[in-house]
K.L.:
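My questions will all concern the structure given below.
Chain A is the first sequence line, chain B the second, and so forth, proteins listed ahead of strands; every chain is numbered from 1.
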2 protein chains.
Amino acid sequence: MHAAVASAAALPKALLFGDAPQDRPAPDAAPVGSVRVLAKDEEIFAEGDCTAFFYKVISGAVRTSKLLTDGRRQIDAFHLAGDIFGIEPGAEHRFSAEAVGPAKVVIYRRCSLDALASGNGAFARQVVQAMMRSLERAQNHMLLLGRKSAVEKVATFLLDLAARQGGHVELPMSRCDIADHLGLTIETVSRSLTQLERDRVIEVPAHRRTIVLRDGAALRRLDS
Amino acid sequence: MHAAVASAAALPKALLFGDAPQDRPAPDAAPVGSVRVLAKDEEIFAEGDCTAFFYKVISGAVRTSKLLTDGRRQIDAFHLAGDIFGIEPGAEHRFSAEAVGPAKVVIYRRCSLDALASGNGAFARQVVQAMMRSLERAQNHMLLLGRKSAVEKVATFLLDLAARQGGHVELPMSRCDIADHLGLTIETVSRSLTQLERDRVIEVPAHRRTIVLRDGAALRRLDS
DNA sequence: CGGGCCGTTGACTCTTGTCAATCGCGGTGG
DNA sequence: CCACCGCGATTGACAAGAGTCAACGGCCCG
């Protein structure tokens, strides 16, 4: 069984019990730039919601993911402080987004996107760049998903996180989230970390949420 | 022509041959580009090449792919007639592109992309939409790569191709290309097709480059 | 103290990859 | 015309990597 199903309890309640439409931000409720404070696993938007807004992470981490009908989940990306997410081409979100832990996001009206058409502002450029970065990340991620082994996937993931966090690695997400991001199971993620630890490439202190990169060169070799 | 194909072709035409040429400022928006005729496997650009141009397929098919250092390849997408490819965020291509078989492409200068920053309305919007489509495809593909079984991958691939070709499936690419697109090996692709054939879901005439979809419902079930 | 999570580990299974043989087709040259 | 060759695709036997199922340990929190 896949990780996502195994840990049904960890999935947002909204997913399991259905989500009353009024639970979600009403299309006109949020002014540009308002902040929303989120609890762990709280849903920001669901697959199929209309794309009235997009978001920027202030603190914490957010995951965007898709589901197959049988519950298998693919996390597209983790978004950390400063990242923009939720920009989509169509009228409906094709991903759902939830807070990984307690988090804060700023909400922007999607129509700000139309500034692209008329706007030469710095903001428009920033939004377009965010989109391009998403695309770039998606492309790299496809290579990872389609062609890398479990250990390589984990190594790439750690290096990526280290680069985005400034050298150290503090995992804001669960093994289940990591597994769904890398197209693996939680057991395989765990075993890969154990193997990297055995090979003295990383160290994983007892809390298991911090990772010390011991041999960056070895990691980069795995990253190809 | 079926709706799906018409809409796929409509975007590029609007983008590049817009019916209101006068609202595009001339000098650095793309002049209708020169045509390049390509032989099978001929390279259009390589990973690392600078992104001076982007392209539209006139005929044939083009693949964009990435390589790991050990030679494993992930094909990002196949681009058919009417498709635009080669738009990238950075100064260098992070993919290589080659013709799948004999093909023709139109070449456009990339500098038209800079229209984004200076805010030329219609053109900018459409380029952004093309980018968003790439992103959408990338995202769907990640789900496929990370979470679908071999048979499911092949089923999805066939349905996608059928939608883009107007209902029938004529494979312009080799099993090897398909395998690299789906994150499989050629043997597994072949076995999956054989299994679908055994289950009377598809038929594969002797040339092995045409596929008849016999049980679309079954395919869609596999597609989830 | 007890229960629920989360993560790790072990034993086993199974899908997919690997390696190798074969088939069939199309082109080529005797 | 036909034998030969090369390439792409298929098939089979086997190996291996990852998934599944299950047990366990630590930690937090009531």
K.L.:
Side-chain atoms of residues 195-202 of chain B: list all donor-acceptor pairs with protein atoms under 3.5 Å, sequence neighbours left out, distances to 0.1 Å.
P.N.:
residue : atom : partner : partner atom : Å
B/E197  : OE2  : B/V204  : N            : 3.3

K.L.:
List in chain and number order the residues that pass side chain to side chain contact (heavy atoms under 4.5 Å, CB included) with B/V189, two or more places apart in sequence or in another chain; answer none if no residue qualifies.
P.N.:
B/R175, B/I178, B/A179, B/L184, B/L193

K.L.:
Within residues 188-197 of chain B, which residues have any heavy atom lying less than 4.0 Å from an atom of DNA chain C?
P.N.:
B/T188, B/R191

K.L.:
Starting at CE of A/M173 and ending at P of C/dC6, how long is that distance when rounded to a whole Å?
P.N.:
15 Å

K.L.:
Rounding to a whole Å, what distance do you find between A/L184:CG and C/dG7:C1'?
P.N.:
16 Å

K.L.:
Mind jotting down which residue pairs meet the ring pair (Phe, Tyr, Trp, His ring centres under 6.0 Å) criterion with at least one end in residues 135-154 of chain A? Sequence neighbours excluded, please.
P.N.:
A/H141-A/H181

K.L.:
When the side chains of residues 163-171 of chain A are checked against the rest of the protein, which donor-acceptor pairs come out under 3.5 Å, sequence neighbours left out?
P.N.:
residue : atom : partner : partner atom : Å
A/R164  : NH1  : A/D160  : OD2          : 3.4
A/R164  : NH2  : A/F78   : O            : 2.7
A/R164  : NH2  : A/D83   : OD2          : 3.0
A/Q165  : OE1  : A/E170  : N            : 2.9
A/Q165  : NE2  : A/E170  : O            : 2.9
A/E170  : OE2  : A/T210  : OG1          : 3.0

K.L.:
Roughly how many Å is it from CG in A/D70 to P in D/dT20, rounded to a whole number?
P.N.:
11 Å

K.L.:
Can you sort out the partners of B/E92 under side chain to side chain contact (heavy atoms under 4.5 Å, CB included), two or more places apart, ordered by chain and number?
P.N.:
none

K.L.:
Any pair with a residue in residues 193-224 of chain B that passes ring pair (Phe, Tyr, Trp, His ring centres under 6.0 Å), sequence neighbours left out, goes on the list, sorted by first then second residue, please.
P.N.:
none

K.L.:
Find the distance A/D180:CG to C/dG7:P and express it as a whole number of Å.
P.N.:
12 Å

K.L.:
Rounded to the nearest Å, what distance is computed from the CG atom of residue B/L144 to the P atom of nucleotide C/dT16?
P.N.:
12 Å

K.L.:
With sugar-phosphate meaning primed atoms plus P, OP1 and OP2, does B/R209 contact a base, only sugar-phosphate, or nothing at under 4.0 Å between heavy atoms?
P.N.:
sugar-phosphate

K.L.:
Please encode protein proximity along nucleotides 22-30 of chain D as a string of B, S and -, counting only heavy-atom distances under 4.0 Å.
P.N.:
---------

K.L.:
Can you tell which of C/dG17, C/dG7, D/dG8 lies closest to the side chain of B/K40?
P.N.:
D/dG8

K.L.:
Rounded to the Å, how far apart are B/E152 CD and C/dT15 C1'?
P.N.:
12 Å

K.L.:
In terms of side-chain geometry, is the basic nitrogen of A/R94 or A/E47 positioned less than 4.0 Å from the acidic oxygen of its partner?
P.N.:
no

K.L.:
Over how many whole Å does the gap from B/R72 atom CZ to C/dT18 atom C1' extend?
P.N.:
14 Å

K.L.:
We want to know whether B/E187 and B/S190 form a side-chain donor-acceptor pair, criterion being a heavy-atom distance below 3.5 angstrom.
P.N.:
no

K.L.:
When the side chains of residues 214-224 of chain B are checked against the rest of the protein, which donor-acceptor pairs come out under 3.5 Å, sequence neighbours left out?
P.N.:
residue : atom : partner : partner atom : Å
B/R214  : NE   : B/E203  : OE2          : 2.3
B/R214  : NH2  : B/E203  : OE2          : 3.2
B/D215  : OD1  : B/A217  : N            : 3.3
B/D215  : OD1  : B/A218  : N            : 3.0
B/D223  : OD1  : B/K148  : NZ           : 3.1
B/D223  : OD1  : B/T156  : OG1          : 2.7

K.L.:
Please state how far atom NZ in A/K148 lies from atom C1' in D/dA18, giving the value in whole angstrom units.
P.N.:
18 Å

K.L.:
What's the closest nucleotide to the side chain of A/R175 if the choices are D/dT20, C/dG7, C/dT18?
P.N.:
C/dG7

